[in-house]
Protein chains: 2
Amino acid sequence: MNDIDEGAGQAAGRSRSKRADARRNEETLLDAAAAAFVASGVEAPVRDIAARAGVGMGTIYRHFPTRADLIVAVYRHQIEACAEAGPALLATSATPHAALGRWVDLFVDFLVTKHGLAAVLQSDSPGFEALHASFLDRLLPVCGQLLDAAAESGEIRSDLKAYELMRGVGNLCIGAESDAKYDARRLVSLLIEGLRHPG
Amino acid sequence: MNDIDEGAGQAAGRSRSKRADARRNEETLLDAAAAAFVASGVEAPVRDIAARAGVGMGTIYRHFPTRADLIVAVYRHQIEACAEAGPALLATSATPHAALGRWVDLFVDFLVTKHGLAAVLQSDSPGFEALHASFLDRLLPVCGQLLDAAAESGEIRSDLKAYELMRGVGNLCIGAESDAKYDARRLVSLLIEGLRHPG
DNA sequence: TAACGATACGGAGCAGTGTTCCGCTTTGCA
DNA sequence: TGCAAAGCGGAACACTGCTCCGTATCGTTA
(Lines give C-alpha, C1' and ligand atoms only; values in the text may rest on other atoms or scores of the structure.)
Protein backbone atom coordinates (compact mmCIF):
# COMPACT_ATOMS: atom_id res chain seq x y z
CA MET A 1 0.00 0.00 0.00
CA ASN A 2 2.57 2.37 1.16
CA ASP A 3 4.78 2.44 -1.87
CA ILE A 4 1.82 3.93 -3.61
CA ASP A 5 1.03 6.40 -0.90
CA GLU A 6 4.59 7.47 -1.23
CA GLY A 7 4.07 8.11 -4.90
CA ALA A 8 0.99 10.09 -4.06
CA GLY A 9 2.96 12.00 -1.49
CA GLN A 10 5.56 13.00 -4.01
CA ALA A 11 2.93 13.96 -6.49
CA ALA A 12 1.49 16.25 -3.88
CA GLY A 13 4.91 17.82 -3.65
CA ARG A 14 4.96 17.30 0.10
CA SER A 15 6.97 14.17 -0.05
CA ARG A 16 9.30 13.51 2.76
CA SER A 17 10.14 10.30 0.99
CA LYS A 18 10.65 7.14 2.92
CA ARG A 19 14.04 6.33 4.24
CA ALA A 20 16.11 3.99 2.12
CA ASP A 21 16.36 1.26 4.75
CA ALA A 22 12.60 1.35 5.22
CA ARG A 23 11.97 0.92 1.53
CA ARG A 24 14.43 -1.94 1.44
CA ASN A 25 12.76 -3.63 4.37
CA GLU A 26 9.37 -3.33 2.79
CA GLU A 27 10.64 -5.04 -0.31
CA THR A 28 12.32 -7.78 1.69
CA LEU A 29 9.18 -8.25 3.71
CA LEU A 30 7.06 -8.65 0.62
CA ASP A 31 9.36 -11.34 -0.69
CA ALA A 32 9.47 -13.09 2.65
CA ALA A 33 5.71 -12.97 2.96
CA ALA A 34 5.22 -14.37 -0.52
CA ALA A 35 7.55 -17.23 0.32
CA ALA A 36 5.87 -17.86 3.67
CA PHE A 37 2.43 -17.83 2.06
CA VAL A 38 3.53 -20.46 -0.41
CA ALA A 39 5.09 -22.56 2.31
CA SER A 40 2.48 -22.23 5.04
CA GLY A 41 -0.50 -20.46 3.56
CA VAL A 42 -1.68 -16.92 4.03
CA GLU A 43 -2.11 -17.55 7.75
CA ALA A 44 1.60 -18.08 8.26
CA PRO A 45 2.68 -16.82 11.70
CA VAL A 46 3.85 -13.24 11.73
CA ARG A 47 7.00 -14.30 13.51
CA ASP A 48 7.87 -16.66 10.69
CA ILE A 49 7.54 -13.97 8.09
CA ALA A 50 9.61 -11.58 10.16
CA ALA A 51 12.25 -14.24 10.66
CA ARG A 52 12.37 -15.05 6.96
CA ALA A 53 12.87 -11.39 6.23
CA GLY A 54 15.42 -11.09 9.01
CA VAL A 55 13.57 -8.22 10.66
CA GLY A 56 11.85 -7.74 14.00
CA MET A 57 8.17 -7.96 14.75
CA GLY A 58 7.86 -4.23 15.03
CA THR A 59 9.02 -3.73 11.49
CA ILE A 60 6.42 -5.93 9.96
CA TYR A 61 3.63 -4.24 11.86
CA ARG A 62 4.90 -0.81 10.97
CA HIS A 63 4.83 -1.56 7.27
CA PHE A 64 1.71 -3.70 7.25
CA PRO A 65 -0.53 -2.97 10.21
CA THR A 66 -2.84 -5.86 9.47
CA ARG A 67 -2.35 -9.19 7.80
CA ALA A 68 -4.78 -8.07 5.17
CA ASP A 69 -2.47 -5.24 4.16
CA LEU A 70 0.30 -7.72 3.64
CA ILE A 71 -1.83 -10.08 1.62
CA VAL A 72 -3.12 -7.29 -0.54
CA ALA A 73 0.41 -6.04 -1.18
CA VAL A 74 1.67 -9.50 -2.07
CA TYR A 75 -1.09 -10.30 -4.52
CA ARG A 76 -1.80 -6.86 -5.90
CA HIS A 77 -0.29 -7.59 -9.28
CA GLN A 78 -2.27 -10.73 -9.77
CA ILE A 79 -5.50 -9.03 -8.80
CA GLU A 80 -4.72 -6.30 -11.24
CA ALA A 81 -4.09 -8.80 -14.00
CA CYS A 82 -7.36 -10.52 -13.24
CA ALA A 83 -9.22 -7.24 -13.33
CA GLU A 84 -7.69 -6.28 -16.64
CA ALA A 85 -8.59 -9.63 -18.14
CA GLY A 86 -12.29 -8.89 -17.76
CA PRO A 87 -12.83 -6.42 -20.57
CA ALA A 88 -10.38 -8.32 -22.73
CA LEU A 89 -12.36 -11.52 -22.37
CA LEU A 90 -15.58 -9.71 -23.05
CA ALA A 91 -14.14 -8.45 -26.31
CA THR A 92 -12.75 -11.76 -27.47
CA SER A 93 -15.27 -14.32 -26.30
CA ALA A 94 -18.12 -15.65 -28.34
CA THR A 95 -20.76 -14.52 -25.89
CA PRO A 96 -20.82 -12.50 -22.67
CA HIS A 97 -21.74 -15.63 -20.75
CA ALA A 98 -18.69 -17.39 -22.12
CA ALA A 99 -16.56 -14.41 -21.13
CA LEU A 100 -18.01 -14.51 -17.65
CA GLY A 101 -17.25 -18.19 -17.39
CA ARG A 102 -13.67 -17.74 -18.47
CA TRP A 103 -13.12 -14.78 -16.22
CA VAL A 104 -14.46 -16.64 -13.24
CA ASP A 105 -12.12 -19.50 -14.12
CA LEU A 106 -9.26 -17.08 -13.93
CA PHE A 107 -10.36 -15.91 -10.53
CA VAL A 108 -10.80 -19.46 -9.31
CA ASP A 109 -7.34 -20.42 -10.50
CA PHE A 110 -5.91 -17.49 -8.64
CA LEU A 111 -7.69 -18.34 -5.41
CA VAL A 112 -7.13 -22.05 -5.49
CA THR A 113 -3.41 -21.74 -5.91
CA LYS A 114 -3.04 -19.43 -2.92
CA HIS A 115 -3.18 -21.64 0.09
CA GLY A 116 -5.91 -20.40 2.40
CA LEU A 117 -6.63 -17.18 0.57
CA ALA A 118 -10.21 -18.07 -0.25
CA ALA A 119 -10.89 -18.84 3.39
CA VAL A 120 -9.52 -15.56 4.57
CA LEU A 121 -11.33 -13.69 1.84
CA GLN A 122 -14.63 -14.50 3.47
CA SER A 123 -13.50 -14.04 7.03
CA ASP A 124 -15.61 -11.58 8.92
CA SER A 125 -13.03 -10.91 11.59
CA PRO A 126 -12.10 -7.27 11.90
CA GLY A 127 -8.91 -6.39 10.08
CA PHE A 128 -9.90 -8.32 7.02
CA GLU A 129 -12.37 -5.75 5.85
CA ALA A 130 -9.39 -4.05 4.30
CA LEU A 131 -8.73 -7.18 2.31
CA HIS A 132 -12.36 -7.50 1.28
CA ALA A 133 -12.38 -3.92 0.22
CA SER A 134 -9.18 -4.00 -1.79
CA PHE A 135 -10.09 -7.12 -3.65
CA LEU A 136 -13.68 -6.22 -4.18
CA ASP A 137 -13.11 -2.59 -5.08
CA ARG A 138 -11.03 -3.69 -7.98
CA LEU A 139 -12.83 -6.83 -9.05
CA LEU A 140 -16.44 -6.07 -8.38
CA PRO A 141 -16.88 -3.54 -11.17
CA VAL A 142 -15.25 -5.93 -13.59
CA CYS A 143 -17.51 -8.74 -12.53
CA GLY A 144 -20.49 -6.42 -12.67
CA GLN A 145 -19.65 -5.45 -16.20
CA LEU A 146 -19.48 -9.05 -17.34
CA LEU A 147 -22.69 -9.83 -15.52
CA ASP A 148 -24.48 -6.88 -17.05
CA ALA A 149 -23.32 -7.76 -20.51
CA ALA A 150 -24.54 -11.32 -20.11
CA ALA A 151 -27.83 -10.12 -18.73
CA GLU A 152 -28.30 -7.66 -21.54
CA SER A 153 -27.70 -10.30 -24.12
CA GLY A 154 -30.44 -12.29 -22.47
CA GLU A 155 -28.20 -15.21 -21.64
CA ILE A 156 -28.67 -15.10 -17.91
CA ARG A 157 -31.06 -14.01 -15.26
CA SER A 158 -30.26 -10.51 -14.19
CA ASP A 159 -31.14 -10.54 -10.55
CA LEU A 160 -27.87 -11.69 -9.08
CA LYS A 161 -25.55 -9.00 -7.85
CA ALA A 162 -21.86 -9.11 -8.65
CA TYR A 163 -21.09 -9.13 -4.96
CA GLU A 164 -23.04 -12.28 -4.35
CA LEU A 165 -21.49 -14.03 -7.29
CA MET A 166 -17.97 -13.14 -6.26
CA ARG A 167 -18.67 -14.15 -2.73
CA GLY A 168 -20.18 -17.44 -3.81
CA VAL A 169 -17.30 -18.24 -6.13
CA GLY A 170 -14.81 -17.36 -3.41
CA ASN A 171 -16.57 -19.61 -0.97
CA LEU A 172 -16.63 -22.51 -3.38
CA CYS A 173 -12.86 -22.27 -3.61
CA ILE A 174 -12.29 -22.68 0.09
CA GLY A 175 -10.26 -25.73 0.94
CA ALA A 176 -10.06 -26.78 -2.69
CA GLU A 177 -6.27 -26.98 -2.66
CA SER A 178 -6.16 -29.51 0.13
CA ASP A 179 -8.92 -31.89 -0.86
CA ALA A 180 -8.31 -34.07 -3.87
CA LYS A 181 -11.91 -35.23 -3.85
CA TYR A 182 -13.28 -31.74 -4.27
CA ASP A 183 -13.04 -29.88 -7.55
CA ALA A 184 -13.92 -26.25 -6.99
CA ARG A 185 -13.73 -25.43 -10.68
CA ARG A 186 -16.47 -27.89 -11.39
CA LEU A 187 -18.82 -26.55 -8.74
CA VAL A 188 -18.20 -23.02 -9.92
CA SER A 189 -18.96 -23.91 -13.50
CA LEU A 190 -22.17 -25.52 -12.31
CA LEU A 191 -23.04 -22.31 -10.54
CA ILE A 192 -22.35 -20.25 -13.64
CA GLU A 193 -24.43 -22.69 -15.60
CA GLY A 194 -27.24 -22.21 -13.13
CA LEU A 195 -27.16 -18.53 -13.94
CA ARG A 196 -28.52 -19.25 -17.38
CA HIS A 197 -32.18 -19.24 -17.87
CA PRO A 198 -33.73 -15.95 -16.98
CA GLY A 199 -36.49 -18.09 -15.51
CA MET B 1 -26.18 -38.69 23.26
CA ASN B 2 -23.61 -40.49 25.25
CA ASP B 3 -26.29 -42.45 26.87
CA ILE B 4 -25.76 -44.27 23.65
CA ASP B 5 -22.23 -45.25 24.41
CA GLU B 6 -23.36 -46.27 27.81
CA GLY B 7 -26.07 -48.39 26.28
CA ALA B 8 -23.48 -50.05 24.09
CA GLY B 9 -21.38 -50.78 27.13
CA GLN B 10 -24.25 -52.41 28.88
CA ALA B 11 -25.15 -54.36 25.79
CA ALA B 12 -21.64 -55.75 25.81
CA GLY B 13 -22.35 -56.90 29.31
CA ARG B 14 -19.14 -55.27 30.47
CA SER B 15 -20.77 -52.09 31.54
CA ARG B 16 -19.31 -50.45 34.50
CA SER B 17 -21.66 -47.60 33.89
CA LYS B 18 -20.51 -44.05 34.16
CA ARG B 19 -20.57 -42.36 37.49
CA ALA B 20 -23.59 -40.20 38.22
CA ASP B 21 -21.67 -36.96 38.57
CA ALA B 22 -19.93 -37.62 35.27
CA ARG B 23 -23.21 -38.11 33.50
CA ARG B 24 -24.55 -34.95 35.06
CA ASN B 25 -21.51 -32.98 33.97
CA GLU B 26 -21.78 -34.22 30.47
CA GLU B 27 -25.34 -33.03 30.27
CA THR B 28 -24.45 -29.66 31.77
CA LEU B 29 -21.58 -29.34 29.36
CA LEU B 30 -23.78 -30.00 26.39
CA ASP B 31 -26.20 -27.30 27.47
CA ALA B 32 -23.40 -24.87 28.15
CA ALA B 33 -21.81 -25.58 24.80
CA ALA B 34 -25.07 -25.07 22.97
CA ALA B 35 -25.50 -21.72 24.69
CA ALA B 36 -21.91 -20.70 24.01
CA PHE B 37 -22.23 -21.68 20.36
CA VAL B 38 -25.27 -19.49 20.01
CA ALA B 39 -23.59 -16.61 21.77
CA SER B 40 -20.11 -16.79 20.26
CA GLY B 41 -20.24 -19.32 17.48
CA VAL B 42 -18.88 -22.84 17.36
CA GLU B 43 -15.38 -21.51 17.92
CA ALA B 44 -16.23 -20.27 21.39
CA PRO B 45 -13.20 -20.56 23.69
CA VAL B 46 -13.06 -23.79 25.63
CA ARG B 47 -12.62 -21.81 28.82
CA ASP B 48 -15.88 -19.99 28.22
CA ILE B 49 -17.79 -23.19 27.77
CA ALA B 50 -16.23 -24.68 30.89
CA ALA B 51 -17.04 -21.53 32.83
CA ARG B 52 -20.64 -21.52 31.64
CA ALA B 53 -20.97 -25.11 32.77
CA GLY B 54 -19.23 -24.33 36.03
CA VAL B 55 -16.64 -27.07 35.50
CA GLY B 56 -12.87 -27.09 35.00
CA MET B 57 -10.99 -27.37 31.75
CA GLY B 58 -10.04 -30.94 32.46
CA THR B 59 -13.65 -32.01 32.60
CA ILE B 60 -14.52 -30.68 29.21
CA TYR B 61 -11.55 -32.38 27.58
CA ARG B 62 -12.27 -35.63 29.32
CA HIS B 63 -15.80 -35.78 27.96
CA PHE B 64 -15.11 -34.27 24.59
CA PRO B 65 -11.49 -34.72 23.58
CA THR B 66 -11.82 -32.49 20.53
CA ARG B 67 -14.03 -29.58 19.71
CA ALA B 68 -15.47 -31.63 16.91
CA ASP B 69 -16.77 -34.17 19.42
CA LEU B 70 -18.57 -31.42 21.25
CA ILE B 71 -20.06 -29.95 18.10
CA VAL B 72 -21.20 -33.32 16.92
CA ALA B 73 -22.82 -34.06 20.26
CA VAL B 74 -24.61 -30.73 20.36
CA TYR B 75 -26.04 -30.99 16.87
CA ARG B 76 -26.57 -34.70 16.59
CA HIS B 77 -30.32 -34.52 16.79
CA GLN B 78 -30.58 -31.94 14.08
CA ILE B 79 -28.31 -33.88 11.79
CA GLU B 80 -30.41 -36.91 12.39
CA ALA B 81 -33.58 -35.03 11.56
CA CYS B 82 -32.04 -33.75 8.37
CA ALA B 83 -30.97 -37.24 7.37
CA GLU B 84 -34.41 -38.64 7.99
CA ALA B 85 -36.03 -35.93 5.95
CA GLY B 86 -34.29 -37.15 2.81
CA PRO B 87 -36.33 -40.24 2.01
CA ALA B 88 -39.47 -38.48 3.19
CA LEU B 89 -38.98 -35.65 0.74
CA LEU B 90 -38.22 -38.07 -2.04
CA ALA B 91 -41.53 -39.78 -1.38
CA THR B 92 -43.61 -36.64 -1.20
CA SER B 93 -42.07 -34.32 -3.77
CA ALA B 94 -43.20 -33.94 -7.34
CA THR B 95 -39.84 -34.93 -8.76
CA PRO B 96 -36.53 -36.15 -7.41
CA HIS B 97 -34.91 -32.88 -8.39
CA ALA B 98 -37.49 -31.00 -6.37
CA ALA B 99 -36.85 -33.29 -3.42
CA LEU B 100 -33.14 -32.66 -3.74
CA GLY B 101 -33.73 -28.94 -3.79
CA ARG B 102 -35.89 -29.03 -0.71
CA TRP B 103 -33.51 -31.29 1.16
CA VAL B 104 -30.59 -29.05 0.39
CA ASP B 105 -32.64 -26.12 1.65
CA LEU B 106 -33.07 -27.92 4.92
CA PHE B 107 -29.36 -28.48 5.19
CA VAL B 108 -28.62 -24.87 4.35
CA ASP B 109 -31.06 -23.63 6.97
CA PHE B 110 -29.34 -25.80 9.51
CA LEU B 111 -25.89 -24.57 8.64
CA VAL B 112 -26.73 -20.92 8.28
CA THR B 113 -28.31 -20.69 11.70
CA LYS B 114 -25.28 -22.20 13.43
CA HIS B 115 -22.78 -19.44 13.72
CA GLY B 116 -19.53 -20.56 12.17
CA LEU B 117 -20.48 -24.18 11.69
CA ALA B 118 -20.17 -24.12 7.94
CA ALA B 119 -16.69 -22.68 8.21
CA VAL B 120 -15.54 -25.35 10.59
CA LEU B 121 -17.18 -28.05 8.54
CA GLN B 122 -14.68 -27.48 5.76
CA SER B 123 -11.69 -26.94 7.98
CA ASP B 124 -8.83 -29.23 7.16
CA SER B 125 -7.14 -28.85 10.51
CA PRO B 126 -6.59 -32.12 12.31
CA GLY B 127 -9.22 -32.82 14.94
CA PHE B 128 -12.04 -31.83 12.65
CA GLU B 129 -11.89 -34.96 10.60
CA ALA B 130 -14.09 -36.44 13.28
CA LEU B 131 -16.62 -33.76 12.58
CA HIS B 132 -16.40 -34.28 8.83
CA ALA B 133 -16.83 -37.94 9.30
CA SER B 134 -19.80 -37.79 11.64
CA PHE B 135 -21.70 -35.34 9.52
CA LEU B 136 -20.81 -36.92 6.24
CA ASP B 137 -21.28 -40.51 7.31
CA ARG B 138 -24.85 -39.74 8.10
CA LEU B 139 -25.76 -37.29 5.38
CA LEU B 140 -23.73 -38.45 2.41
CA PRO B 141 -25.80 -41.57 1.77
CA VAL B 142 -28.97 -39.54 1.99
CA CYS B 143 -27.66 -36.97 -0.43
CA GLY B 144 -26.43 -39.72 -2.70
CA GLN B 145 -29.84 -41.32 -2.75
CA LEU B 146 -31.49 -38.07 -3.77
CA LEU B 147 -28.84 -37.44 -6.37
CA ASP B 148 -29.19 -40.92 -7.82
CA ALA B 149 -32.93 -40.63 -7.98
CA ALA B 150 -32.73 -37.34 -9.80
CA ALA B 151 -30.12 -38.71 -12.17
CA GLU B 152 -32.18 -41.79 -12.90
CA SER B 153 -35.19 -39.72 -13.70
CA GLY B 154 -33.04 -37.88 -16.22
CA GLU B 155 -33.48 -34.54 -14.54
CA ILE B 156 -29.83 -33.89 -13.83
CA ARG B 157 -26.40 -34.74 -15.02
CA SER B 158 -25.13 -37.73 -13.16
CA ASP B 159 -21.47 -37.05 -12.88
CA LEU B 160 -21.41 -35.09 -9.66
CA LYS B 161 -20.62 -37.00 -6.52
CA ALA B 162 -22.63 -36.46 -3.38
CA TYR B 163 -19.46 -35.50 -1.56
CA GLU B 164 -18.74 -32.65 -3.90
CA LEU B 165 -22.28 -31.38 -3.74
CA MET B 166 -22.37 -31.42 0.06
CA ARG B 167 -19.01 -29.78 0.22
CA GLY B 168 -20.03 -27.11 -2.25
CA VAL B 169 -23.27 -26.40 -0.44
CA GLY B 170 -21.48 -26.23 2.87
CA ASN B 171 -18.95 -23.81 1.47
CA LEU B 172 -21.62 -21.57 0.04
CA CYS B 173 -23.08 -21.24 3.52
CA ILE B 174 -19.89 -19.93 5.07
CA GLY B 175 -20.28 -16.50 6.50
CA ALA B 176 -23.89 -16.24 5.38
CA GLU B 177 -25.15 -15.45 8.87
CA SER B 178 -23.03 -12.37 9.23
CA ASP B 179 -23.42 -10.74 5.85
CA ALA B 180 -26.76 -9.25 5.01
CA LYS B 181 -25.71 -8.69 1.42
CA TYR B 182 -25.09 -12.37 0.81
CA ASP B 183 -27.90 -14.85 0.45
CA ALA B 184 -26.51 -18.35 0.61
CA ARG B 185 -29.86 -19.92 -0.13
CA ARG B 186 -29.98 -18.18 -3.44
CA LEU B 187 -26.53 -19.23 -4.50
CA VAL B 188 -27.26 -22.79 -3.50
CA SER B 189 -30.45 -22.87 -5.47
CA LEU B 190 -28.53 -21.56 -8.45
CA LEU B 191 -26.08 -24.40 -8.01
CA ILE B 192 -28.85 -26.95 -7.85
CA GLU B 193 -30.35 -25.39 -10.92
CA GLY B 194 -27.03 -25.73 -12.68
CA LEU B 195 -27.22 -29.45 -12.02
CA ARG B 196 -30.07 -29.77 -14.47
CA HIS B 197 -29.32 -30.55 -18.01
CA PRO B 198 -27.33 -33.71 -18.43
CA GLY B 199 -25.39 -31.77 -21.05
C1' DT C 1 -21.90 -47.74 57.96
C1' DA C 2 -17.05 -47.28 57.38
C1' DA C 3 -13.35 -47.73 54.50
C1' DC C 4 -11.18 -48.17 50.14
C1' DG C 5 -10.10 -48.18 45.27
C1' DA C 6 -11.66 -46.47 40.98
C1' DT C 7 -13.37 -42.61 38.72
C1' DA C 8 -13.72 -37.96 37.85
C1' DC C 9 -12.64 -33.16 38.83
C1' DG C 10 -10.18 -28.60 38.83
C1' DG C 11 -7.21 -25.44 37.37
C1' DA C 12 -2.25 -24.28 37.24
C1' DG C 13 0.99 -24.41 33.74
C1' DC C 14 3.03 -24.90 29.14
C1' DA C 15 3.14 -23.72 24.34
C1' DG C 16 1.94 -21.10 20.24
C1' DT C 17 -0.05 -17.09 18.41
C1' DG C 18 -1.16 -11.90 17.60
C1' DT C 19 -0.03 -7.24 18.97
C1' DT C 20 1.99 -3.35 21.48
C1' DC C 21 5.54 -0.50 23.29
C1' DC C 22 9.71 1.80 23.96
C1' DG C 23 14.83 2.21 24.28
C1' DC C 24 18.31 1.97 20.74
C1' DT C 25 20.17 2.50 15.92
C1' DT C 26 20.39 4.32 11.42
C1' DT C 27 19.63 7.76 8.15
C1' DG C 28 19.72 12.06 5.85
C1' DC C 29 20.10 16.76 6.25
C1' DA C 30 22.31 21.07 7.79
C1' DT D 1 30.37 16.14 11.77
C1' DG D 2 26.29 16.53 14.68
C1' DC D 3 21.61 15.90 15.51
C1' DA D 4 16.59 15.18 15.02
C1' DA D 5 13.58 12.29 12.93
C1' DA D 6 12.58 7.96 11.16
C1' DG D 7 12.91 3.39 11.68
C1' DC D 8 14.18 -0.94 14.07
C1' DG D 9 14.18 -4.99 17.30
C1' DG D 10 12.37 -7.94 20.36
C1' DA D 11 10.78 -8.30 25.17
C1' DA D 12 6.42 -8.41 27.16
C1' DC D 13 1.50 -8.92 27.39
C1' DA D 14 -2.93 -11.02 26.20
C1' DC D 15 -5.47 -14.78 24.73
C1' DT D 16 -5.99 -19.38 23.23
C1' DG D 17 -5.71 -24.67 23.13
C1' DC D 18 -4.31 -28.51 25.66
C1' DT D 19 -2.00 -31.50 29.32
C1' DC D 20 -1.08 -33.20 33.78
C1' DC D 21 -1.55 -34.54 38.33
C1' DG D 22 -2.88 -33.74 43.22
C1' DT D 23 -7.40 -33.78 45.24
C1' DA D 24 -12.30 -34.78 45.81
C1' DT D 25 -16.17 -37.70 44.99
C1' DC D 26 -18.59 -41.90 44.08
C1' DG D 27 -19.97 -46.63 44.45
C1' DT D 28 -18.95 -50.86 46.30
C1' DT D 29 -17.63 -54.16 49.51
C1' DA D 30 -16.79 -55.85 54.09
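Letters A, B, ... are given to chains in the order of the sequence lines, protein chains preceding strands, and every chain is numbered from 1.
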Do the side-chain N or O atoms of [X] get closer than 4.0 angstrom to the phosphate oxygens (OP1, OP2) of [N]?
| X | N | answer |
| --- | --- | --- |
| B:R19 | C:dA6 | no |
| B:H63 | C:dA8 | no |
| A:R47 | C:dT17 | no |
| A:N25 | D:dC8 | yes |
| B:T59 | C:dG10 | yes |

Could you tell me if the side chain of [Y] sits less than 4.5 Å from the side chain of [X], heavy atoms only?
| X | Y | value |
| --- | --- | --- |
| A:W103 | A:C82 | yes |
| B:R138 | B:R76 | no |
| A:Y182 | B:N171 | yes |

Grab the [atom1]-[atom2] distance between [X] and [N] for me, whole Å please.
| X | N | atom1 | atom2 | value |
| --- | --- | --- | --- | --- |
| B:R23 | D:dG27 | CZ | P | 9 Å |
| B:F64 | D:dC18 | CZ | P | 15 Å |
| B:R62 | C:dC9 | CZ | P | 5 Å |
| A:Y61 | C:dG18 | OH | P | 6 Å |
| B:I49 | D:dC15 | CD1 | P | 18 Å |
| A:E26 | D:dG7 | CD | C1' | 12 Å |
| B:I60 | C:dG11 | CD1 | C1' | 13 Å |
| B:D48 | D:dC15 | CG | P | 11 Å |

Among all residues two or more places apart in sequence or in another chain, which pass the salt bridge (Lys or Arg N to Asp or Glu O under 4.0 Å) test with A:D109?
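For A:D109, the residues satisfying salt bridge (Lys or Arg N to Asp or Glu O under 4.0 Å) (neighbours in sequence not counted) are A:R185.
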
When you match B:D21 and B:A44 each to their closest nucleotide on DNA chain D, which lands nearer the 5' end?
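The residue whose closest nucleotide sits nearer the 5' end is B:A44.
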
Using a heavy-atom cut-off of under 4.0 Å over every strand shown, decide if B:R67 touches base, sugar-phosphate, or nothing.
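Sugar-phosphate contact only.
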
Taking any heavy-atom pair under 4.0 Å as a contact, classify A:A20: base, sugar-phosphate, or nothing.
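Sugar-phosphate, no base atom in range.
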
Just compare C:dT27, C:dA8, D:dG7 and give me whichever is closest to any side-chain atom of B:A22.
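In terms of side-chain proximity for B:A22, the closest of C:dT27, C:dA8, D:dG7 is C:dA8.
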
Let me know, please, whether A:V46 or A:G58 comes out on the 5' side of the other along DNA chain C by nearest nucleotide.
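Closest to the 5' end, via its nearest nucleotide, is A:V46.
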
Short side-chain donor-acceptor distance under 3.5 Å, A:T95 and A:E155:
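Yes.
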
